[in-house]
Amino acid sequence: MDQKHASSPLAGAVHDLATEVVLALRSGDHLATVCGAAGIDEENRTGIAAVRVIGADLLLPSVLYGRHPHPGDVAVLDRAVREFPPKPDAPAATAWSHWHMISTLQRMAPPTPGAAAPGACAEPDAAWLEEAPWQAFTHQLSVLAPLAVPAAPSAVQRAAANRAVDLSRGFVRAVRRRDWLQAAGAGRWLTAVGGEPATLGLERGLDFVEQLGGHDPRVTLHVRAARLMAEARAR
């Protein structure tokens with residue numbers, strides 16, 4: 001592993017896990033286990049924490065290709081949900097990420113008979129997104145980029161659709177500031193909800209973001225997700 005990605009065991013695990021998600025997105029191989037390839041199982045607490053950082057994107061290849069996820073990945077994501085519930089004073093983005101992990105598990109991998117399912121939870125509040133300045137709005141949406149997937153409506157997705165112009169401004173600002181992860185997350189949202197100005201040049205902009213920020217596999221993950229969604233819409 002590149003030294004700069006090994007500043008901590010958690011950072012290294014997140015890097016490896018995101019890399020495996022990207023490989024699965026590129027290959028479309030739904031039979032491969034993302035966690036297994038990254039050396040993560042249900043007993044690896046650092047790995048479980050890394051899954052909590054990646055969130056529901058752990059199952060993104062199955063979500064975008066419409067296939068059943070690997071049981072090992074489902075088990076690890078379920079463990080992450082149970083091990084790292086949001087605290088009462090957790091940021092709104094953390095609550096939304098947790099909610100999305102649960103809803104993705106319920107949608108993509110219903111429990112087998114007799115197995116305990118993660119407790120259902122209502123959508124967290126999203127009213128704060130309506131009044132957030134466009135800069136903060138873009139930052140929060142980029143943190144919540146895993147929610148930018150088809151067939152997963154939420155209040156966050158509706159807020160993104162209603163403020164596509166603000167999100168476009170944030171995308172341009174992030175590119176100019178060389179904040180590639182934020183730009184990739186904003187671009188993923190714009191691809192998911194549409195409504196960006198034609199002058200934005202989103203497709204070329206995402207190519208540019210990946211070219212300069214692709215050393216971070218999380219950037220590549222968001223860009224690849226955006227491309228797959230765009231390809232599916234074009235068919």
Exercise. Does atom CD of Glu83 have more than 12 heavy-atom neighbours from other groups under 6.0 Å away?
Worked result: yes
Exercise. Quick one: side-chain contact (heavy atoms from CB on, under 4.5 Å) partners of Val193, sequence neighbours excluded?
Worked result: Gln157, Ala160, Ala161, Trp189
For this session: Mind checking the CG-CD1 spacing from Leu77 to Ile54? Nearest 0.5 Å is all I need.
Result: 11.0 Å
Exercise. Roughly how far, to the nearest 0.5 Å, is CG of Leu105 from CG of Leu59?
Worked result: 6.0 Å
For this session: Kindly say whether Ala145 contributes a backbone atom to a donor-acceptor pair with the side chain of His222 at under 3.5 angstrom?
Result: no
Exercise. Can you tell me if CD on Glu231 sees more than 12 non-hydrogen neighbours from other groups inside 6.0 Å?
Worked result: yes
Tell me which donor-acceptor pairs under 3.5 Å the side chains of residues 174-183 have, and how far apart each pair is, sequence neighbours excluded?
residue	atom	partner	partner atom	Å
Asp179	OD1	Gln182	N	3.2
Asp179	OD2	Gln182	NE2	3.3

Problem set entry | Side chains of Val149 and Thr104 in contact at under 4.5 Å (non-hydrogen atoms) | no
Exercise. Given Tyr65 and Leu228, is the side chain to side chain contact (heavy atoms under 4.5 Å, CB included) satisfied, shown in steps?
Worked result: CA-CA 9 Å; Tyr65 286 110; Leu228 287 171; 3.8 Å; yes
For this session: Side-chain contact test, heavy atoms from C-beta onward, threshold under 4.5 Å: evaluate it for Val53 versus Leu17 and give yes or no.
Result: no
Problem set entry | side chain to side chain donor-acceptor pair (under 3.5 Å) against Gln140, all qualifying residues, sequence neighbours excluded | none
Exercise. Looking at residues at least two apart in the chain, or sitting in another chain, which of them share a side chain to side chain donor-acceptor pair (under 3.5 Å) with Arg224?
Worked result: none
Seminar exercise, completed: Here the gap from Arg163 atom CZ to Ser168 atom OG, rounded to the nearest 0.5 Å, amounts to 12.0 Å
For this session: For side chain to side chain contact (heavy atoms under 4.5 Å, CB included), just list the numbers for Val76 and Thr33, CA-CA rounded to whole Å, side-chain angles, deciding distance to a tenth of an Å, and then say yes or no.
Result: CA-CA 11 Å; Val76 174; Thr33 165; over 6 Å; no
Problem set entry | Phe171 side chain reached by Val209 side chain, heavy atoms, under 4.5 Å | yes
Exercise. Arg107 and Val63: side chain to side chain contact (heavy atoms under 4.5 Å, CB included), yes or no, with the steps?
Worked result: CA-CA 9 Å; Arg107 187 175 73 255; Val63 170; 4.3 Å; yes
Exercise. Do Leu129 and Arg158 come within less than 4.5 Å of each other through their side chains, counting heavy atoms only?
Worked result: no
For this session: List in chain and number order the residues that pass side chain to side chain donor-acceptor pair (under 3.5 Å) with Ser97, two or more places apart in sequence or in another chain; answer none if no residue qualifies.
Result: Arg52
Problem set entry | Member of Asp16, Val22, Leu23 meeting the side-chain contact (heavy atoms from CB on, under 4.5 Å) criterion with Glu20 | Leu23
Seminar exercise, completed: When rounded to the nearest 0.5 Å, the distance separating CD of Glu210 from CG of Leu221 is 10.5 Å
For this session: Would you check if the side chain of Arg233 reaches a backbone N or O of Thr191 as a donor-acceptor pair within less than 3.5 Å?
Result: yes
Problem set entry | Sidechain N-carboxylate O distance under 4.0 Å for Arg79, Glu43 | yes
For this session: Would you please test Met229 and Leu64 for side chain to side chain contact (heavy atoms under 4.5 Å, CB included) and show each step?
Result: CA-CA 7 Å; Met229 288 189 285; Leu64 294 182; 4.0 Å; yes
For this session: Just jot down the side chain to side chain donor-acceptor pair (under 3.5 Å) partners of Asp207, sequence neighbours excluded, or say none.
Result: Arg227
Problem set entry | Donor-acceptor under 3.5 Å (Trp99 side chain, Thr94 main chain) | no
Exercise. Does any N or O in the side chain of Arg173 come within less than 3.5 Å of the main-chain N or O of Gln135, such that one atom is a donor and the other an acceptor?
Worked result: no
For this session: Would you give the length of the straight line joining atom CZ of Phe137 to atom CG of Asp166, rounded to the nearest 0.5 angstrom?
Result: 7.0 Å
